[in-house]
Amino acid sequence: MGLGLFILMIAVGAILTFATDWELEAVDLDVVGLILMAVGILGTAVYAGVLRRRRMVVPPVAPTLGDHDRGDRL
């Protein structure tokens with residue numbers, strides 16, 4: 001799942017909750033829309049956290065000389 005899917009879930013949930021007045025006997029579309037928005041927001045937050053961790057760069061460590069290496073260079 002990518003970031004686009006989570007944003008799409010938020011948009012579809014908002015449309016179902018705020019922009020429609022459809023009535024179904026077995027399903028409350030307002031609740032379905034709220035659930036989609038909550039999952040989309042939660043998924044976006046988790047995706048951003050994982051993406052931040054992937055982009056973290058560790059600086060390279062400079063090589064160190066051991067005792068036996070120093071004697072050869074003198």
Side-chain angles (χ1 to χ4, degrees):
M1 281 194 232
L3 184 61
L5 180 62
F6 293 126
I7 293 173
L8 180 68
M9 290 175 77
I10 295 170
V12 169
I15 290 169
L16 286 176
T17 301
F18 303 117
T20 60
D21 58 353
W22 299 331
E23 296 289 329
L24 297 175
E25 291 180 22
V27 178
D28 187 4
L29 290 179
D30 290 337
V31 174
V32 171
L34 290 173
I35 291 171
L36 282 174
M37 285 191 295
V39 170
I41 291 169
L42 188 67
T44 302
V46 169
Y47 186 83
V50 169
L51 187 64
R52 185 179 339 137
R53 234 181 285 147
R54 273 193 221 158
R55 290 187 180 180
M56 199 179 331
V57 176
V58 177
V61 178
T64 58
L65 298 176
D67 291 334
H68 62 281
D69 294 334
R70 291 183 194 156
D72 295 340
R73 296 181 189 224
L74 291 176

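The structure presented is a predicted model; accordingly, all values stated were derived computationally and were not measured. Worth knowing before you read on, the calculation uses all heavy atoms, side chains too, and leaves out hydrogens, waters and symmetry mates.
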### Query
Hey, quick one: are V39 and L36 part of the same hydrophobic cluster, counting side-chain heavy atoms closer than 4.5 Å, chains of contacts allowed?
yes
### Message
I'd like to check the side-chain contact (heavy atoms from CB on, under 4.5 Å) partners of I10; sequence neighbours left out, ordered by chain and number.
### Response
I41, T44
### Shared hydrophobic cluster, L24 / V12 (ILVMFWY, side-chain heavy atoms < 4.5 Å)
yes
### Task
Please write out which residues are connected to M37 in a hydrophobic cluster, directly or through intermediates, given that two of Ile, Leu, Val, Met, Phe, Trp, Tyr count as joined at side-chain heavy-atom separations below 4.5 angstrom.
F18, L34
### Query
In terms of hydrophobic clustering (I, L, V, M, F, W, Y; side-chain heavy atoms under 4.5 Å; direct or indirect links), are L29 and V31 co-clustered?
yes
### Query
Hey, any chance L42 and I7 share a hydrophobic cluster, counting ILVMFWY side chains that come within less than 4.5 Å of each other, even indirectly?
no
### Task
Indicate if W22 and I15 have the same hydrophobic cluster label, given that clusters are the connected sets of ILVMFWY residues with side-chain heavy-atom separations under 4.5 angstrom.
no
